[in-house]
Amino acid sequence: MDPKGDRILLAHGGGGRLTAALIADEIVPRFGDGPLRGLPDAADLPPIGGAIAFTTDAFVVQPPFFPGGDIGSLAVNGTVNDLAVCGARARWLSLALILEEGLTFDVLRRVLDSVTVAAKAAGVTVATGDTKVVPRGQCDGLYLATSGLGERLPGYALSPERIRPGDRVLVSGPVGDHGMAVMAARMQFASAGGPRSDCASVLPLVEAAAPMAGGIRWMRDPTRGGVAAALNECARGRPWGIMLHEAAIPLHSASAALADALGLDPLHSPCEGRIVAVCDPSVAGEVLRSWRSTEVGREAAEIGSIVCGAWDGAVAMETRMGGRRLVDMPLGELLPRIC
Amino acid sequence: MRFTEGFRDPTVARALAAGLRAAAAGDRRLCFMEVCGTHTMAVGRHGLRALLPPNVRLVSGPGCPVCVTPSGYLDAALELGRRGAVLATFGDLLHAPAGDGRTLAGWRGAGGDVHVCYSPLEALALAEAAPSREVVFLAIGFETTIAPTLMLAVRAHRAGIRNVSLLTSFRRVVPAMEAVLATPDVRLDGFLCPPHVSTVIGADAYRPVAERYGRPCVVAGFEPLDVLAGLLELIRLATAGRAEVHNEYARVVTPKGNPRARALIEEWLTPSDAWWRGLGRLPDSGYSLRPDRAEWDAARRLGVEVGPGAEPRGCRCGDVVAGRIDPPECPLFGRRCTPDRPVGPCMVSSEGSCAAWYRYERAGRT
Ligand code: SF4
């Protein structure tokens with residue numbers, strides 16, 4: 001069995017003594033200060049002034065630790081970012097853990113510590129949670145799920161319907177880093193100079209650009225399928241298209257080199273700490289400046305514009321070579337278990 | 001700095017594009033064929049077609065192995081699977097449809113033993129793990145992949161492993177180029193020759209094409225600037241009426257190729273007729289295992305025939321690989337046939353022309 005007591009057992013999820021010990025030792029010290037105090041079945045939350053936003057996400061990334069982040073920071077930022085790109089500030093999170101029998105406490109602790117750090121950085125409180133343990137072989141290590149409640153920031157009215165020809169496309173930093181970092185870790189050639197996940201809260205970007213919120217038409221955090229999938233979803237069926245400029249797209253060389261070696265397009269590789277946005281040309285410069293003033297947005301860039309004509313409903317790119325091509329949706333599941 | 005950056009310099013690209021326009025000045029229409037699927041992909045991915053002068057056309061050729069391998073080969077492979085063989089294959093072939101739409105992936109889903117290998121040598125481990133079963137490696141490809149595939153038989157021979165064999169459909173690129181030139185409805189002014197194959201056969205191997213058919217041949221690398229430089233050279237040679245072989249990829253390709261790979265090919269294989277999708281049966285256009293190596297030949301050993309087979313209905317891959325049409329001219333392109341639901345092999349393979357056109361060029365044509 002587990003003489004040293006350093007592994008998760010089925011009984012840790014059974015509701016008995018070991019469950020109580022797990023919660024007392026690992027959960028309460030990290031999250032027990034806020035609405036979780038006293039471990040109620042449901043958290044009591046104070047009223048929020050205005051409209052609220054609500055979202056949920058599940059995390060199955062493999063491996064759970066990768067350069068630049070881990071499944072814990074990902075679970076916090078993934079949900080915080082889903083709210084942020086809707087123009088909402090995350091306030092409360094739920095956190096569900098699904099653990100495989102035999103998982104080491106060391107891994108669990110590192111992940112929970114990472115949740116704590118990421119939640120603090122994003123200014124969000126873990127208000128409720130749950131833990132389940134499944135028999136060995138019925139899940140792979142650990143899975144996390146988070147839901148988030150957020151308050152809407154004033155001024156944002158985001159909808160692709162508001163996009164007009166001539167609008168500008170912005171990205172808040174180099175693209176594709178998260179996907180390439182996880183792939184490098186999976187293939188076990190993570191190295192000091194290799195790709196690093198961009199996993200981070202994008203809320204500072206949304207707050208910094210709030211004064212220009214009215215001119216921002218649409219925002220997305222380009223996770224699965226990368227920037228290409230986010231923009232294709234935006235453009236599909238519209239009476240306009242998106243023209244990107246390859247030379248303007250920020251890329252970290254380590255991620256670009258790995259994508260090249262794998263035959264992948266970095267535009268198809270997920271980001272976990274970026275925003276891609278479309279905004280009115282009159283505010284594009286201001287939005288970029290505000291983004292660049294934040295830690296996560298230092299390398300923000302304008303990467304394209306909304307055009308009318310041959311590319312309506314699609315995303316295209318002027319290549320570094322001066323040619324033009326379609327930027328398609330990624331086909332099938334290029335990168336399984338990437339988040 | 002990325003290792004590829006030197007081959008993707010935008011200023012050089014602009015200069016080359018201007019060079020293309022200048023070299024093709026006048027209204028003579030020129031049509032070149034890029035033989036190799038990887039060139040097709042490079043053209044798409046970097047949007048190079050947009051840089052061609054309006055009187056210069058680039059068509060795809062018969063250099064994608066999955067696309068030119070006829071349906072009959074898949075029929076034979078599936079038959080071997082049905083008889084209980086363990087099939088080992090490169091991933092590209094997995095979703096290629098046989099004439100009746102069956103695929104190796106479908107066979108695997110139905111419980112068949114199909115293993116995707118990154119290296120042919122992985123089939124050795126499969127054979128060792130299942131000594132009572134026949135393991136068949138689906139050995140398709142051009143000169144590039146032949147030698148590494150033969151290493152499977154060499155190693156098995158050395159290790160005394162006897163339950164592994166090859167279902168071969170090896171091909172030679174030069175006879176296919178000659179067959180394209182002999183096709184009445186294709187008028188070509190020259191070839192952009194495949195880089196990887198050329199490392200094995202050498203640039204001199206294209207001399208007969210240049211000399212007998214009077215068409216220039218230029219060997220070019222995969223990087224976008226390589227492709228542009230190769231095209232510029234082709235335009236210059238064609239407009240000057242010079243049917244010569246030029247090697248723009250001398251940093252990798254030599255005149256004589258790789259003698260060790262060629263020696264291995266000679267030791268194991270003998271030139272033979274082969275069926276090509278779109279081109280038919282071409283004499284001496286393939287390689288078969290020599291009679292004294294018959295024990296490694298899955299077709300002879302297990303008694304299956306590899307015929308031409310029937311093409312998927314309505315699919316015009318044969319016309320695509322022969323350069324007779326561009327993929328959008330196929331009535332199924334982008335409608336009934338997409339990468340998610342491919343009808344023909346040219347939409348399946350990562351090197352297929354239909355897949356490349358769908359991915360990079362299906363919109364924005366003006
Ligand atoms: S579009 Fe599909 S059906 Fe048409 S030639 Fe290409 S692969 Fe065959």
Side-chain angles (χ1 to χ4, degrees), chain A residues 174 176 180 187 193-195 228 231-232 235-238 240-249 251-268 307-334, chain B residues 1-5 7-18 20-21 38 41-52 58 91-92 94-95 105 118 222-229 231 334 338-342 347-348 350-351 355-366:
Chain A
M180 289 305 101
M187 298 184 306
L231 291 177
N232 267 286
R236 188 183 296 137
R238 307 282 168 194
W240 39 259
I242 296 175
M243 179 60 73
L244 301 177
H245 301 282
E246 189 175 24
I249 299 173
L251 264 180
H252 281 140
S253 57
S255 298
L258 180 58
D260 229 29
L262 294 174
L264 293 173
D265 189 334
L267 290 172
H268 287 162
V307 294
C308 262
W311 303 96
D312 287 357
V315 183
M317 181 159 80
E318 208 166 280
T319 68
R320 281 167 60 90
M321 298 294 101
R324 286 180 172 200
R325 64 133 156 129
L326 193 68
V327 175
D328 208 0
M329 282 293 243
L331 259 186
E333 194 59 88
L334 282 184
Chain B
M1 169 118 172
R2 289 160 63 190
F3 66 98
T4 51
E5 212 123 275
F7 307 117
R8 297 188 186 171
D9 185 331
T11 25
V12 181
R14 265 197 300 280
L16 283 169
L20 292 178
R21 285 192 299 274
T38 323
M41 274 296 172
V43 168
R45 167 144 181 241
H46 299 285
L48 302 185
R49 210 177 304 278
L51 299 179
L52 298 181
L58 188 59
D92 254 15
L94 200 62
H95 299 281
Y118 293 96
F222 292 126
E223 289 296 333
L225 293 182
D226 287 330
V227 174
L228 292 176
L231 284 170
T338 64
D340 291 319
R341 287 161 25 106
M347 191 58 98
V348 176
S350 58
E351 296 181 13
W357 277 80
Y358 187 87
R359 191 160 158 196
Y360 296 122
E361 307 192 52
R362 73 173 186 277
R365 304 179 82 208
T366 40

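Protein chains get the first letters and strands the later ones, always in sequence-line order, with residue 1 at the start of each.
Residues Leu16(B) and Met321(A) have side chains not in contact (no heavy-atom distance under 4.5 Å, counting atoms from C-beta outward).
From Arg320(A), atom CZ reaches atom CG of Asp9(B) across 7.5 Å, with rounding to the nearest 0.5 Å. Interatomic distance, Arg324(A) CZ to Glu361(B) CD, rounded to the nearest 0.5 Å: 13.5 Å. Here Arg49(B) contributes atom CZ and Arg325(A) contributes atom CZ; the two are 13.5 Å apart, rounded to the nearest 0.5 Å.
Nearest heavy atoms, Asp328(A) versus Arg359(B): CB-O, 3.6 Å. In this structure, His46(B) and Thr319(A) approach most closely via the heavy-atom pair O-OG1, 2.7 Å. Closest approach of Ala50(B) to Gly323(A), counting heavy atoms only: CB-CA, 4.1 Å.
Ionic pairing of Arg45(B) and Asp265(A) is not present here: no N-O contact between side-chain nitrogen and carboxylate oxygen is shorter than 4.0 angstrom.
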